[in-house]
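Keep in mind that the numbers below use all heavy atoms, side chains included, and drop hydrogens, waters and symmetry copies.
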Amino acid sequence: MTKRKASSSARSSALENVGHDSSTLRSTRSGSSGANSYTSSDQIMTEIYNEANACYEQCLEKDQDSILSLARPLDHGRLVLAQEIIKEAAQFMESYLDTAPSSSAQSADEMGDTDKPRPDSPMQQSSILTDPGSSTQRAGDIVDNRTLLKEKLDRAREWILWQSISNEKAMYGPIRAFIEYVALIVQEKLTSLADSSSDNGLGRRLVLPSTKFDYNSSDTDDTMCIGMGLVRANISYPIDDNCRRFSYYEVLAVLDAKRKGDDNGFKDAFKRLYINAREMYQQQHNLRFAWGVTVSGRLVRVCHFGHDRAISSCHMDISTPEGRRLFIKLLVNWSFCEESQLGRDPTMEYLYDLRCWQVACPSEKGCMGEGADVKYYYFSTVRCQAERVFGRHTRCFLATDIMPTAVVSTTNPLIPTVVIKDSWALSKRNVSDDACDEVRSLNKIKEGLSAQAAAKDIIFPKIEAGGRVSFQRNGEWVEDNTDTTNEMGKLADNNTDTTNELGKAPSDDDLFFRTHRRIVMSPIGDSLCSTKSVAEFVTVVCDAMRCHSAFVDDCNILHRDISDNNILVVRSEGVARGMLIDFDYAIDLEQKERDNLHKVTGTLPYMSINNLSESDVERTSLDDWESMLCLICWFATRGTISGKRREYEELAKFPIAAWRHDSTNGMITAKMSAFSSPESFMSTIINHFKPEGDNGEESDLLKNLAFVLREELFQNPDLTPDCHGTFEKRKHVEPERRELPNKKELKAYELYYILSKKLSRVNPFKERAEKWKEISKQLLAFSNVLGKGDESSKKGE
């Protein structure tokens with residue numbers, strides 16, 4: 001797959017670089033969300049802790065031993081070698097531990113919840129130590145391998161026999177020694193093979209622990225520490241190096257240890273791993289899934305963090321020979337499995353000698369594989385990171401198709417010409433059955449609007465290449481999806497098409513299948529948060545809705561996810577224009593299966609009332625217009641001008657804060673109340689808009705825009721009075737009168753007629769959905785007038 005390999009001399013480091021109620025797991029979009037950026041650091045950490053707790057309670061599948069098979073080497077030669085090393089390492093360890101006094105060992109039940117220090121026990125030296133192999137050369141010195149192995153096992157035995165473990169931090173030294181013991185045996189075997197003809201190109205790496213424990217990573221501002229980082233290293237790396245402190249961008253897995261050997265200890269360690277996995281996804285641009293290890297007392301579990309759920313193995317009890325063998329097996333398999341089995345994306349590579357990334361993209365035909373035309377791009381700037389453990393993990397890179405000829409730096413930067421979007425979208429296994437295929441939507445838009453863009457005065461994303469990502473695994477091409485990242489069992493169902501954007505915990509009937517997509521697009525834009533004036537903000541959002549209307553009218557594509565992340569500011573010659581992007585949830589209105597129009601999609605706090613309430617009323621473009629109204633209100637309350645916005649603490653005082661931080665029912669109630677009448681809208685929303693301009697006069701433009709949009713959506717004269725506002729109304733429905741054969745029956749019928757009268761509920765959203773085309777035209781006409789305005793006001797100062 002790799003087009004170009006960085007020279008080995010350029011790898012300066014021996015380490016291999018890797019370059020509701022639903023309120024608890026609620027997810028906005030992957031990437032930097034304007035809504036999220038309005039949240040204080042304390043509020044963010046509170047939400048993350050809540051997410052971790054909800055993940056443990058709702059989205060964790062425990063005791064799944066098949067997870068261990070994920071790291072099993074696929075190549076037969078690697079597998080045989082790994083099995084030999086596992087057997088050798090386990091036998092060596094057991095022969096050494098046989099002489100340890102059994103009275104010093106304590107069971108997991110005995111450690112329980114106690115925090116009292118354990119009495120020290122004398123460490124006896126083994127007299128039956130056998131030599132597992134020849135000596136290893138490190139840093140130019142010949143070291144007696146038996147002596148070093150003995151030192152590691154002496155230290156590891158403190159954990160195995162639970163000796164001198166007075167607190168959690170005291171656990172990390174013996175755990176480190178256990179892992180280094182396995183690495184020493186792997187290193188010796190691979191070193192001997194490196195000088196023999198039996199190597200046959202077998203992949204090889206060491207798995208090493210950090211020598212610093214409970215430390216803060218240099219690449220994050222979060223206060224959550226890394227208990228112990230596990231990293232891949234070249235086989236020549238000195239195992240006895242005492243200066244290993246790894247950052248999130250380079251760790252293979254994080255290990256977290258708790259002294260309690262019960263379920264509470266596992267729970268506490270798992271929640272910390274969840275937060276660590278979140279940082280790994282953010283810092284590692286080529287991470288497909290994340291590994292983690294919990295240690296509760298002497299019980300070890302390996303964890304796998306996928307896109308919609310987490311899985312943990314049964315415990316490996318280190319106090320037993322079988323538990324020790326299984327942990328050794330995991331570490332050795334990690335040393336010999338393929339990069340994709342470690343969670344890395346083989347189609348992305350960091351070029352050390354150029355200091356930039358190389359990424360392979362599907363051709364215009366949307367495929368990768370044998371004989372496919374794959375195009376390579378290069379980037380050093382990341383516009384959007386994956387910031388959540390669960391979800392699409394959307395990443396955006398500013399790239400060029402021209403390979404740099406010199407080291408990329410601030411004085412020699414890459415000049416990007418395209419944006420690469422990399423994400424894991426909910427999909428169907430069969431491409432033709434995929435109702436929400438972003439590549440297909442973009443190609444349809446390109447065909448339908450390319451000739452009309454100038455006439456319609458719109459800017460839209462133009463796809464240059466894209467499709468589903470594939471890579472070579474054990475010599476065969478495979479599509480990258482949740483089946484290939486999670487092969488211990490079928491956790492996805494192609495008959496289920498649901499979203500998890502609100503963080504609902506998946507159940508047995510609510511399973512997920514995602515495909516890895518990569519799309520190359522132009523032009524490049526800036527965040528909506530970069531607007532420099534109220535007039536520029538209004539121009540940009542009105543441009544975006546003109547794009548939206550063109551997609552619906554000319555391409556039959558309904559966007560369904562209006563948010564600040566999905567509106568970009570495109571600047572040309574000092575003029576700012578708006579562009580609508582991201583079609584992961586867009587749907588083709590011409591398709592036969594229209595049931596997808598009832599699905600919940602979107603981004604908090606901008607989702608429409610109809611969408612939030614999971615109504616059976618079909619979603620239309622009016623739901624997107626309502627999302628735009630919510631976006632305008634949110635930005636107007638916080639402030640539209642970059643660098644002059646309200647802080648979270650001030651924003652939290654206003655009623656609009658409920659749109660983001662309340663429960664789902666609370667959000668629905670808050671929006672229905674705000675939009676129910678002009679008076680309520682003024683008092684709860686508009687009156688709290690941040691004054692913009694010298695005397696606040698620029699805010700009048702936003703107030704006028706928001707007020708008219710609400711009137712057109714909820715007080716439209718084309719709707720019957722019963723459908724004005726947001727709340728259901730009751731009205732009398734009279735039964736049909738019948739012809740009576742004679743007067744004798746008249747009295748009885750009158751009684752029947754009165755009793756048959758009943759109250760009927762009137763859903764205001766139902767009539768709106770039926771008249772969406774007429775109302776959408778009115779909204780577009782108004783935004784065209786207001787959005788174009790004075791051309792001079794569009795120019796950034």
Side-chain angles (χ1 to χ4, degrees), residues 29 31-39 381-384 396 398 413 415-416 419 457-461 522-548 562-582 603 605-606 627-648 650-651 656 686 688-709 782-797:
R29 306 298 307 287
S32 178
S33 168
N36 279 343
S37 65
Y38 302 159
T39 306
T381 302
V382 180
R383 173 60 59 85
C384 174
C396 293
L398 304 187
I415 307 300
V419 177
D457 191 26
I458 59 174
I459 299 174
F460 64 91
S522 63
I524 297 174
D526 296 320
S527 166
L528 181 61
C529 296
S530 67
T531 52
K532 301 176 181 179
S533 68
V534 171
E536 187 172 275
F537 174 82
V538 171
T539 295
V540 169
V541 296
C542 289
D543 278 351
M545 292 314 291
R546 282 209 300 277
C547 290
H548 179 276
I562 302 298
S563 73
D564 58 322
N565 277 333
N566 296 339
I567 298 175
L568 296 184
V569 182
V570 180
R571 302 182 187 276
S572 177
E573 299 179 354
V575 177
R577 300 296 305 276
M579 179 174 68
L580 186 60
I581 62 168
D582 196 341
T603 301
Y606 313 122
S627 292
M628 177 57 74
L629 171 60
C630 293
L631 183 148
I632 292 170
C633 292
W634 187 274
F635 268 75
T637 305
R638 175 79 197 281
T640 61
I641 302 175
S642 178
K644 298 182 180 180
R645 298 189 172 97
R646 284 169 167 156
E647 297 299 326
Y648 165 76
E650 187 177 0
L651 187 69
I656 200 172
I686 288 185
H688 301 296
F689 281 6
K690 184 179 184 298
E692 307 269 22
D694 295 335
N695 299 311
E697 70 280 356
E698 292 186 26
S699 299
D700 293 340
L701 181 61
L702 290 171
K703 292 179 180 179
N704 185 32
L705 175 58
F707 191 85
V708 173
L709 287 180
F782 173 74
S783 63
N784 279 338
V785 172
L786 192 63
K788 291 182 178 179
D790 183 5
E791 290 296 323
S792 63
S793 67
K794 298 180 184 179
K795 295 186 178 182
E797 296 178 1

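- Atom CG of L398 is separated from atom CZ of R383 by 4.5 Å, given to the nearest 0.5 angstrom.
- Annotation: side chain of L705 is in contact with side chain of F782 (closest heavy-atom distance under 4.5 Å).
- Taking 4.5 Å as the limit, some side-chain heavy atom of P416 sits within range of a side-chain heavy atom of I524.
- What you find for F689 and C633 is that their closest heavy atoms are CE1-O, 3.9 Å.
- Looking at heavy atoms from C-beta onward, I567 lies out of side-chain contact with F537 at the 4.5 angstrom threshold.
- Although no hydrogens or angles enter the test, the distance criterion places a donor-acceptor pair under 3.5 Å between the side chain of S627 and the main chain of Y606.
- The heavy-atom pair separating C529 from S642 by the smallest distance is O-CB, 3.4 Å.
- The main-chain N or O of D457 is found under 3.5 Å from a side-chain atom of R577 such that the two form a donor-acceptor pair.
- Once rounded to the nearest 0.5 Å, the distance linking CD1 of I656 with CD1 of I686 reads 10.5 Å.
- Between H548 and I562, the shortest heavy-atom distance links the atoms CD2-CD1, 4.1 Å.
- The minimum heavy-atom distance linking L629 with A706 is given by the pair CD1-O, 3.5 Å.
- Separation of atoms SG (C396) and CD1 (I581) is listed at 6.5 Å; rounding is to 0.5 Å.
- Note that the CD1 atom of I458 and the CE atom of M579 stand 11.5 Å from one another [nearest 0.5 Å].
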**Message:** V534 vs L702, test: side chain to side chain contact (heavy atoms under 4.5 Å, CB included). Steps then yes/no.
**Reply:** CA-CA 8 Å; V534 171; L702 290 171; 3.7 Å; yes
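- Taking 4.5 Å as the limit, every side-chain heavy atom of E698 sits out of range of all side-chain heavy atoms of L701.
- Remark: side-chain polar atoms of T640 are not paired, donor with acceptor, to backbone N or O of A636 under 3.5 angstrom.
- Taking NZ of K690 as the reference point, atom OG of S699 lies at 8.0 Å (rounded to 0.5 Å).
- For the atom pair CD (E536) and CG (L528), the distance works out to 10.0 Å, reported to the nearest 0.5 Å.
- Residues R571 and S530 have side chains in contact (heavy-atom distance under 4.5 Å, counting atoms from C-beta outward).
- Closest of all the heavy-atom pairs between A576 and V569 is CB-CG1, 3.8 Å.
- Considering all non-hydrogen atoms of both residues, I459 and P523 come closest at CG2-CG, 4.1 Å.
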